[in-house]
Amino acid sequence: MKRFYFSNLLIVIAILLGSDFGAKAQTTTYSTPGGPYYYTVGPGVTAISVDMSGAQGGSSISSPGGKGGRMQAAITVTTGQVFAVYVGGTGANYSYCVSTAGGLNGGGSGYGYGGGGGASDIRSGGIALTNRILVAAGGGGGGYDCGTSGGENGGDGGGTTGGNGNYCGTTSTCVCGSGATLTGGGAGASCYGSPSGGLGAGANASSSYCYAGGGGGGYYGGGAGAYGGGGGGSSFPASGTTTGGLSGVINTSAYNSGVGSVAICAPNLGAIVGSSTVCVGTTTALSISGS
């Protein structure tokens, strides 16, 4: 009686299992603002996909804060590799002539009007801002109420350059915060000396002006407004990036309303279970412990 060992059956197993083998995946979603949360790569996994969004800025009386950006990418990984995950929180809404908090993870505070939305990001090799490999930016806080619905929005977050804040239907940099870029924070309202954004942080609005939106968080943060809305943050990296284990990068602006989120998808690989030998001319039952 001949025996055919399991190692020789791998090709047959793959054929029998067909497209179901390893086709299903497991998604882990983080949607509570804050961090760090830790994601550990499972055994046998060589790549994960990420879909994440930054948070929206807080609203003024009649206008919403800027929307958060979206970042999608694939990351080459190794078993046991650990990533730190941060989720952006929304900025606080209008509260007359008091500071309004920026969202968690980099949103700048507003004054009187909306705080900036926080960014969502993933970090590798540590939890410093310099360890970020993917960032989905937050939107800027809404600004002064001109009595025209939608005319004072905060700048949208995302893209390689965040959106400028709005004031009475314009994006005048005199009174509005500017959007951040991949190389620097957005400038504050130029006519009033408002603060500019910095690495990982939207600018806090000055208490000298009762109607001012905070800057959105991001790779770099947006500038603060003075009467106008805050600028949106920038997302990182640029679309199409294929370095550092990243591929398929899609960097989208003005995508998300509400809190940020991070979804990580990986194959749910399981062990093949069953007899390791089978006699020629007979069959044996095999199964997979995972999906």
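Here the structure is a predicted model, which means the values were calculated and not measured. Atom set for the values below is all heavy atoms of this structure, side chains included, hydrogens, waters and symmetry mates excluded.
One finds the OH atom of Y220 at 10.0 Å from the CG atom of L129 (value rounded to the nearest 0.5 Å). With rounding to the nearest 0.5 Å, the separation of OH in Y38 from OH in Y30 is 11.5 Å. We find the OG-CD distance between S53 and Q72 to be 10.0 Å, quoted to the nearest 0.5 Å. In this structure, CZ in R123 is found 12.0 Å from CG in L134, a value given to the nearest 0.5 Å. Distance check: C174 SG to Y227 OH gives 10.5 Å after rounding to the nearest 0.5 Å.
Side-chain contact of S206 with S208: a donor-acceptor pair under 3.5 Å is present, judged by distance alone. Under 3.5 Å, the side chains of T183 and T181 contain a donor-acceptor pair of N or O atoms.
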* Worked verdict on F83 versus I264 for side chain to side chain contact (heavy atoms under 4.5 Å, CB included) -> CA-CA 11 Å; F83 293 93; I264 301 175; 5.6 Å; no
* List the steps and the verdict of side chain to side chain contact (heavy atoms under 4.5 Å, CB included) for L246 and I75. => CA-CA 5 Å; L246 299 175; I75 308 174; 3.7 Å; yes
* Take Y96 and Y113 through the side chain to side chain contact (heavy atoms under 4.5 Å, CB included) test and state the conclusion after the steps. => CA-CA 7 Å; Y96 181 71; Y113 282 152; over 6 Å; no
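Using modelled atom types, no side-chain atom of T78 and backbone atom of Q81 make a donor-acceptor pair closer than 3.5 Å. With N204 contributing its side chain and S109 its backbone, the two residues share a donor-acceptor pair below 3.5 Å. The main-chain N or O of N166 is never found under 3.5 Å from a side-chain atom of N153 such that the two would form a donor-acceptor pair. In this structure, N93 contributes its side chain and S59 its backbone to a donor-acceptor pair below 3.5 Å. N251 contributes a side-chain N or O that, together with a main-chain N or O of P237, makes up a donor-acceptor pair within less than 3.5 Å. Judged by distance alone, the side chain of S190 and the main-chain N or O of T173 form a donor-acceptor pair under 3.5 Å. Between the side chain of N164 and the backbone N or O of G179 there is at least one donor-acceptor pair closer than 3.5 Å. Remark: the backbone N or O of G117 is not paired with any side-chain donor or acceptor of T90 at under 3.5 angstrom.
With M71 as the fixed residue, the side chain to side chain contact (heavy atoms under 4.5 Å, CB included) test singles out one of V50, T252, V249: V249. Applying the side chain to side chain contact (heavy atoms under 4.5 Å, CB included) test between D121 and each of Y219, F236, Y86 identifies Y86 as the sole match. Partner Y39 forms a side chain to side chain contact (heavy atoms under 4.5 Å, CB included) with one of V262, I48, I122 and no other, that one being I48.
Proximity of R70 to N256: side-chain heavy atoms (C-beta onward) are nowhere separated by under 4.5 Å. No side-chain heavy atom of Y94 sits less than 4.5 Å from a side-chain heavy atom of T100. With a 4.5 Å cut-off on side-chain heavy atoms, V45 and P267 count as touching. No side-chain heavy atom of S124 sits less than 4.5 Å from a side-chain heavy atom of V82. Two residues are said to be in side-chain contact when any heavy atoms from C-beta on lie closer than 4.5 Å; S172 and Y167 fail this criterion. The shortest side-chain heavy-atom distance between V85 and T28 does not fall under the 4.5 Å cut-off.
When all heavy atoms are compared, the tightest approach of G158 to A137 is N-CB, 3.5 Å.
Under the disulfide (SG to SG under 2.5 Å) criterion, C265 pairs with no residue, sequence neighbours left out.
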